[in-house]
Visitor: 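Okay, handing you the structure first.
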Amino acid sequence: MNNVKYLMLAATLAFTSQVQAAPGCSAANLNGSYVLYQNSVALANLHTGRCEITILNGVVGGSCAFTTTQSGVITPGFAGPVSGTATMNTDCSAVAQLDFSPAPNVTVQSFFDLQFTPDKQSFIGQWTNNFGLLGTSAGTRFSPFLPSTPAQ
């Protein structure tokens, strides 16, 4: 019976050390194409968005499309290019800044605080912008070479 206890203890310790030994994240893990969805939780400006972005060496480029909701009516909002920067931390958290210009002389800067899954394929997080709005975001990697629904 003692042998079984020792075997179970050894197996538990081995499993625990394997989980703890999982590789962390690096800047290179952030490179790729993503589709991300976000929504505002600010009652003053309820909206959702869908973006397709590519990150390469910390530089972000892509396009987003937003819809707004006023009095229960959903209407298209800004649709166009976005640019910015992103960095990945060793604990697989990431920060990003996405900028876009919905009107002449108006730049929206959104700041994302994200957490990637252990397989580095998807994330969830929150964002704020330079107009004081707050929202949530989630996304996943995708292949720009496979069919997908474009941001509109």
Side-chain angles (χ1 to χ4, degrees), residues 12 14-152:
T12 302
F15 178 72
T16 303
S17 65
Q18 286 177 351
V19 170
Q20 292 175 349
C25 288
S26 67
N29 293 131
L30 198 53
N31 291 338
S33 296
Y34 299 88
V35 59
L36 60 133
Y37 297 90
Q38 56 273 341
N39 67 300
S40 168
V41 297
L43 293 177
N45 187 348
L46 293 175
H47 66 275
T48 62
R50 181 185 189 280
C51 300
E52 290 182 9
I53 61 169
T54 298
I55 303 173
L56 182 59
N57 299 324
V59 177
V60 179
S63 63
C64 291
F66 298 96
T67 59
T68 59
T69 304
Q70 298 296 329
S71 303
V73 178
I74 299 172
T75 56
F78 168 80
V82 295
S83 61
T85 59
T87 59
M88 175 78 85
N89 299 309
T90 57
D91 65 356
C92 297
S93 65
V95 293
Q97 178 179 333
L98 294 180
D99 301 339
F100 64 93
S101 296
N105 301 317
V106 176
T107 299
V108 177
Q109 296 176 316
S110 297
F111 308 94
F112 292 79
D113 178 16
L114 307 170
Q115 182 62 54
F116 275 75
T117 56
D119 66 1
K120 305 167 189 82
Q121 298 301 305
S122 57
F123 60 84
I124 191 164
Q126 65 181 11
W127 60 268
T128 60
N129 71 18
N130 57 321
F131 291 96
L133 297 182
L134 172 68
T136 61
S137 183
T140 188
R141 290 182 187 271
F142 82 103
S143 171
F145 304 108
L146 295 175
S148 67
T149 304
Q152 301 180 27

Visitor: Does R141 reach the main-chain N or O of K120 with its side chain, forming a donor-acceptor pair under 3.5 Å?
Guide: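 Confirmed, R141 side chain pairs with K120 backbone.
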Visitor: Pair N57, N31 - check side chain to side chain contact (heavy atoms under 4.5 Å, CB included), show working.
Guide: CA-CA 6 Å; N57 299 324; N31 291 338; 3.7 Å; yes
Visitor: Measure across V82 and S63 and return the closest heavy-atom pair with its distance rounded to 0.1 Å.
Guide: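 Looking at all heavy atoms of both residues, the shortest contact is CG2-N, 4.0 Å.
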Visitor: Considering only heavy atoms from C-beta outward, does the side chain of I53 approach that of L36 to under 4.5 Å?
Guide: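 A side-chain contact exists here, since the closest heavy-atom pair is under 4.5 Å.
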Visitor: Within a strict 4.5 Å, meaning less than it, do heavy atoms of the T128 and Q126 side chains meet?
Guide: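 Not in contact.
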Visitor: Is the shortest side-chain heavy-atom distance between S110 and Q38 below 4.5 Å?
Guide: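 S110 vs Q38: side chains apart.
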Visitor: Check whether any side-chain heavy atom of F78 sits under 4.5 Å from a side-chain heavy atom of F100, and report yes or no.
Guide: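 The answer is yes, as the side chains (C-beta and beyond) meet within the 4.5 Å cut-off.
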Visitor: At their closest point, which heavy atom of L114 faces which heavy atom of G125, and how far apart are they?
Guide: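 For L114 versus G125, the nearest heavy atoms are CD2-CA, 4.0 Å.
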Visitor: Is there side-chain contact between T85 and V60, with at least one heavy-atom pair below 4.5 Å?
Guide: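 No - every pair of side-chain heavy atoms lies 4.5 Å or more apart.
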Visitor: Look only at the side chain of Q115 and the backbone of F123, and say whether a donor-acceptor pair between them is shorter than 3.5 Å.
Guide: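 No, the answer is negative, given that no donor and acceptor are paired below the 3.5 Å cut-off.
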Visitor: Atom CG of N129 and atom CG of N45: how far apart are they, to the nearest 0.5 Å?
Guide: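 Separation between the atoms: 8.0 Å.
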Visitor: Are the side chains of T136 and W127 in touch, meaning some heavy atoms are under 4.5 Å apart?
Guide: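 No, too far: nothing below the 4.5 Å cut-off.
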Visitor: Is there a side-chain contact between T117 and S122, using heavy atoms and a 4.5 Å cut-off?
Guide: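 When only atoms from C-beta onward are counted, S122 and T117 do touch, with a gap below 4.5 Å.
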Visitor: Would a distance-only check, ignoring hydrogens and angles, find a side-chain to backbone donor-acceptor pair under 3.5 Å from D113 to V95?
Guide: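 No, the answer is negative, given that no donor and acceptor are paired below the 3.5 Å cut-off.
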Visitor: Heavy atoms only: give me the nearest M88-C25 pair and the separation to one decimal.
Guide: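 Nearest pair, atom of M88 first, then C25: CG-CB, 3.6 Å.
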Visitor: Within this structure, what is the CG-CD1 distance for the pair N29 and I55, rounded to the nearest 0.5 Å?
Guide: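 CD1 of I55 is found 11.5 Å from CG of N29.
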Visitor: How are the rings of F66 and H47 set relative to one another: parallel (under 30°), tilted (30 to 60°) or perpendicular (over 60°)?
Guide: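 Perpendicular, since the angle between the ring planes exceeds 60°.
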Visitor: Quick check: closest heavy atoms across T107 and F131, and the distance to 0.1 Å?
Guide: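 Taking T107 first and F131 second, the nearest heavy atoms are O-CE1, 3.9 Å.
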Visitor: Mark yes or no for whether N130, through its side chain, and F111, through its backbone, hold a donor-acceptor pair below 3.5 Å.
Guide: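 Looks like no, no N/O pair under 3.5 Å.
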Visitor: Please confirm whether the backbone N or O of Q121 pairs with a side-chain atom of T140, one donor and one acceptor, at under 3.5 Å?
Guide: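 A pair under 3.5 Å: yes.
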Visitor: Compare all side-chain heavy atoms of L134 with those of S40 and state whether any distance is below 4.5 angstrom.
Guide: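 No, every pair of side-chain atoms sits at 4.5 Å or beyond.
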Visitor: May I ask you to decide if D91's main-chain N or O and N89's side chain share a donor-acceptor pair within less than 3.5 Å?
Guide: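 Side chain of N89 to backbone of D91: no pair is present.
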